[in-house]
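Just the heavy atoms: all of them, side chains too, but no hydrogens, waters or symmetry mates, feed the values below.
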Amino acid sequence: AAGQALLRQARQVLGVMARMHAELSEFATGVQGSVRVVAAPSVLAERLGDDIGNFLRQHPAVRVSLDERVSQDIVRAVREGAADAGVLWDATDLSGLASVTYRRDQLCLVTPAAHRWARRKRISFAEALDDVAVSAAPGGMMDVLLRREAARLGRVPDWRIQVSGMDAAARIVAAGLGASVLPREALAGHSCMAQLALVPLTDDWAVRQFRICTRNDGSTTAATRLLVEHLHGQ
């Protein structure tokens with residue numbers, strides 16, 4: 001137990017020293033601060049890259065590094081000082097961290113343009129479930145959510161096709177191999193949008209809120225606070 005306590009304290013001290021060294025070395029080369037951001041795949045698939053790009057154009061003296069992690073690893077990285085900020089879905093436990101809201105997205109039933117549900121304005125997950133055959137990022141937060149909601153309906157989802165990302169899922173649906181549940185915002189401007197229909201789900205959980213988390217111990221740098229404020233305002 002004493003060793004575990006020492007390990008936690010040592011990680012915090014080493015994290016502070018690493019951040020201090022990084023920031024001071026950046027000042028020596030004329031760069032006024034650096035921010036290490038870790039984000040969930042679903043956030044990266046949407047507007048985070050654009051939002052950080054806009055921030056860097058406004059603040060060219062700040063350097064931002066961006067890495068993709070699953071939600072549990074994001075929280076761990078921020079708590080242990082391996083990252084300055086994390087961006088993830090608010091379904092994750094963020095206790096002990098400071099957090100503010102970021103963007104929202106809307107989950108939709110995504111079908112081929114000629115599908116029987118394509119002209120619907122809205123649809124419930126229960127009604128659409130039998131047509132959902134394509135799953136994106138198996139084992140990820142959205143996959144877990146959909147399986148949990150299907151279980152609440154007393155049903156077992158039949159994901160006949162599983163792909164690693166949303167882009168691949170959209171292409172599979174456009175090819176007519178089945179429907180999927182994907183966030184509308186991730187498909188904006190997609191090359192195959194003309195071949196797809198997006199029908200918003202009516203379920204309460206279908207609107208997802210993203211959050212930006214940082215440590216709550218006063219160690220957040222000025223550059224990190226500036227970036228968080230910018231993303232919070234989007």
Side-chain angles (χ1 to χ4, degrees), residues 39-53 66-74 87-92 102-210 234:
S42 55
V43 184
L44 285 172
E46 298 184 19
R47 295 294 305 278
L48 182 61
D50 294 336
D51 291 338
I52 291 178
L66 184 59
D67 192 15
E68 179 179 308
R69 305 275 184 88
V70 297
S71 296
Q72 293 85 352
D73 290 343
I74 291 172
V87 190
L88 68 169
W89 186 20
D90 69 353
T92 308
Y102 176 44
R103 290 182 179 272
R104 292 184 176 186
D105 68 9
Q106 168 70 57
L107 295 181
C108 297
L109 175 69
V110 183
T111 73
H115 193 273
R116 62 175 178 146
W117 298 129
R119 295 186 179 277
R120 287 282 295 269
K121 297 297 184 183
R122 299 177 70 82
I123 193 169
S124 70
F125 182 58
E127 191 174 8
L129 181 55
D130 288 340
D131 291 273
V132 178
V134 183
S135 170
M141 290 291 289
M142 190 166 70
D143 182 58
V144 171
L145 168 69
L146 296 180
R147 290 182 182 278
R148 184 184 68 208
E149 294 302 324
R152 287 179 177 173
L153 297 170
R155 297 158 71 181
V156 178
D158 182 19
W159 306 153
R160 294 189 295 277
I161 301 174
Q162 297 184 332
V163 293
S164 60
M166 298 180 191
D167 181 75
R171 294 181 185 280
I172 292 293
V173 173
L177 299 180
S180 186
V181 173
L182 300 170
R184 177 175 55 200
E185 290 74 8
L187 301 179
H190 197 281
S191 59
C192 60
M193 275 298 291
Q195 302 164 263
L196 299 175
L198 276 62
V199 185
L201 295 179
T202 58
D203 307 81
D204 292 341
W205 49 263
V207 177
R208 304 190 301 172
Q209 176 70 64
F210 296 108
Q234 300 307 304

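Rounded to the nearest 0.5 Å, atoms CG (D105) and CG (L182) are 10.5 Å apart. Summarising the geometry, atom CG belonging to L196 is positioned 7.0 Å from atom CG belonging to L187; distances are rounded to the nearest 0.5 Å. From L44, atom CG reaches atom CG of L66 across 5.0 Å, with rounding to the nearest 0.5 Å. L88 contributes atom CG, which lies 12.5 Å from atom CZ of R69 (distance to the nearest 0.5 angstrom). Interatomic distance, L109 CG to L198 CG, rounded to the nearest 0.5 Å: 8.5 Å. Here the CH2-CG distance, from W205 to L146, works out to 5.5 Å after rounding to the nearest 0.5 Å.
In this structure, the side-chain contact (heavy atoms from CB on, under 4.5 Å) partners of E127, at least two apart in sequence or on a different chain, are W117, R120, I123, S124.
Looking only at side-chain heavy atoms (C-beta outward), R103 and E46 stay at 4.5 Å or farther from each other. Looking at heavy atoms from C-beta onward, V173 lies out of side-chain contact with Q195 at the 4.5 angstrom threshold. For the pair V70 and M141, the minimum side-chain heavy-atom distance is 4.5 Å or more. The shortest distance between side-chain heavy atoms of L107 and P183 falls below 4.5 Å. Side-chain contact check for R171 versus H190: some heavy-atom pair is nearer than 4.5 Å. Using a 4.5 Å cut-off on side-chain heavy atoms (C-beta onward), W89 and L145 make contact. You'll find the side chain of D203 stays beyond 4.5 Å of the side chain of E149, heavy atoms only.
Between the side chain of E185 and the backbone N or O of V43 there is no donor-acceptor pair closer than 3.5 Å.
A136 approaches D143 most closely through the heavy-atom pair O-CB, 4.4 Å. Of all heavy-atom pairs between P200 and K121, the closest is CD-O, 3.2 Å. Considering every non-hydrogen atom in both V163 and P138, the closest pair reads O-CD, 3.2 Å. Between F125 and A150, the closest heavy-atom pair is CE2-N, 3.8 Å. Taking each heavy atom of A118 and P112 in turn, the nearest pair found is CB-O, 3.9 Å. Shown here for S71 and A40, the closest heavy-atom pair between the two residues is OG-CB, 4.4 Å.
Annotation for R122: atom CZ counts as buried by contact number, over 12 foreign heavy atoms lying within 6.0 Å. Surrounding CZ of R119 are at most 12 heavy atoms belonging to other residues, nucleotides or ligands under 6.0 Å away.
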Audit row: M142, S135, side-chain contact (heavy atoms from CB on, under 4.5 Å) steps and yes/no: CA-CA 9 Å; M142 190 166 70; S135 170; over 6 Å; no
Taking it one step at a time, do D51 and Y102 satisfy side-chain contact (heavy atoms from CB on, under 4.5 Å)? CA-CA 11 Å; D51 291 338; Y102 176 44; 2.5 Å; yes
